[in-house]
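Structure first, then comments.
Atoms within each ligand, like the ligands themselves, are counted from 1 in listed order.
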Amino acid sequence: MTSCIFCQIIERAVPSAKIYEDEHVYAFMDIMPTTEGHVLLIPKKHIENIYDFSEEDAANFFKAAPKIANALKAEFRPAGLNLLQNNGAPAGQSVFHYHMHFIPRYDETDGFQLSTWETKHTTYTPEKIQELADKIRSVLA
Ligand code: 5GP
Ligand code: ZN
């Protein structure tokens, strides 16, 4: 049996509160929700992180995202919605099967904070930002 907890959830070897599935994706409630309605969307294929997606896998995964978002909007009427996904342990990934968090937001006391999102606009001048853009563009070309 696979050691991946999310593969086990897809195989029904581990229970979950499923909200949606199709041929390519499975969506279920996070067992440790940060706000009301916190959902995880995962590909059925074991894909570890964003780097491992083919274009086809990505299309199949992301086409389900608005469906989940709109269901949460209809049910909870949140003031906002954060989509979050972590790649690699230093980025906060703890389950190494790709997943996207859907975190409905209600108000500033709803318990979810991106409190470490510190900006460094004095280090990253417009010239430096342009230099970084040029480097990234050269890899994409
Ligand atoms: P990460 O830190 O990798 O971005 O998020 C992993 C998420 O998976 C966490 O929010 C955690 O609560 C959730 N999680 C881990 N194990 C299980 C499980 O067995 N069932 C469910 N429903 N969620 C899980
Ligand atoms: Zn897996």
key: ligand 1 to His38 polar contact by distance, N or O atoms, under 3.5 Å   = no
message = On a heavy-atom basis, which atom in His97 and which in Gln93 lie closest, and how many Å separate them?
response = N-NE2, 4.0 Å
request  = Among all protein heavy atoms, pick the one closest to atom 19 (O) of ligand 1 and tell me residue, atom and distance.
outcome  = Ile5 CG1, 3.5 Å
request  = Check Pro43 against Ile10 and note the closest heavy-atom contact, atom names and distance.
outcome  = O-CD1, 3.7 Å
inquiry  = Main chain of Asp22, side chain of Lys44: is a donor-acceptor contact present, judged purely on distance under 3.5 Å?
reply    = yes
task = Using a strict 4.0 Å cut-off to heavy atoms of Leu40, name the atoms of ligand 1 that fall inside it.
result = 8 (O), 13 (C)
ask   = Can you check side-chain contact (heavy atoms from CB on, under 4.5 Å) on Lys73 and Leu81, steps first, answer last?
value = CA-CA 8 Å; Lys73 186 179 175 203; Leu81 176 68; over 6 Å; no
ask   = So, for Asp110 and Pro104, which heavy atoms are closest and what is the spacing to 0.1 Å?
value = OD2-O, 4.4 Å
request  = Could you find the nearest protein heavy atom to atom 22 (N) of ligand 1 and give me its residue, atom name and distance?
outcome  = Met29 O, 2.9 Å
task = Indicate yes or no: does an N/O atom of Ile9 lie under 3.5 Å from an N/O atom of ligand 1?
result = no
inquiry  = Please determine whether a side-chain nitrogen of the Lys or Arg among Glu36 and Arg77 lies less than 4.0 Å from a carboxylate oxygen of the Asp or Glu.
reply    = no
request  = Ignoring angles and geometry beyond distance, decide whether His101 reaches within less than 3.5 Å of ligand 1 through its nitrogen or oxygen atoms.
outcome  = yes
message = Please find the pair of heavy atoms, one from Thr34 and one from Gly111, that lie closest to each other, and give the distance.
response = OG1-O, 3.8 Å
task = Answer yes or no: does an N/O atom from Phe6 fall short of 3.5 Å to an N/O atom of ligand 1?
result = no
key: Distance (rounded to the nearest 0.5 Å) between Leu72 CG and Phe102 CZ   = 7.5 Å
task = Name the orientation class of the two ring planes belonging to His38 and His101 (parallel below 30°, tilted from 30 to 60°, perpendicular beyond 60°).
result = tilted
remark   = Residue, atom and distance of the protein heavy atom nearest atom 15 (C) of ligand 1 read Val95 CG2, 3.9 Å
query = What do you reckon, are the aromatic ring centroids of Phe6 and Phe28 less than 6.0 Å apart?
reply = yes
note = Among non-hydrogen protein atoms, atom 11 (C) of ligand 1 lies closest to Asp30 OD1, 3.4 Å
request  = Check each heavy atom of Asn86 against ligand 1 and say whether those closer than 4.0 Å belong to the side chain, the backbone, both or neither.
outcome  = side chain
task = Could you check atom 1 (P) of ligand 1 against the protein and tell me its nearest heavy-atom contact, residue, atom and distance included?
result = His99 NE2, 3.1 Å
Nitrogen or oxygen of Phe28 less than 3.5 angstrom from that of ligand 1 = no
query = Any idea which part of Ser16 is under 4.0 Å from ligand 1, heavy-atom wise: side chain, backbone, both or neither?
reply = neither
message = Regarding Thr119 and Tyr124, do their side chains bring together a donor and an acceptor under 3.5 Å, going by distance alone?
response = no
query = Can you tell me how far CG of Asn60 sits from OG of Ser54, rounded to the nearest 0.5 angstrom?
reply = 8.0 Å
note = Numbered in order shown, the ligand 1 atoms found under 4.0 Å of a heavy atom of Ser94 are 1 (P), 2 (O), 3 (O), 5 (O), 6 (C)
ask   = Relative to ligand 1, is Thr34 under 4.0 angstrom through side chain, backbone, both or neither, heavy atoms considered?
value = neither
Centroid separation Tyr20 to Tyr26 less than 6.0 Å = no
request  = May I ask you to identify the nearest protein heavy atom to atom 24 (C) of ligand 1, giving residue, atom name and distance to one decimal place in Å?
outcome  = Ile31 CG2, 3.5 Å
request  = Would you mind counting protein N, O or S atoms that sit less than 2.8 Å from the Zn ion (ligand 2)?
outcome  = 4
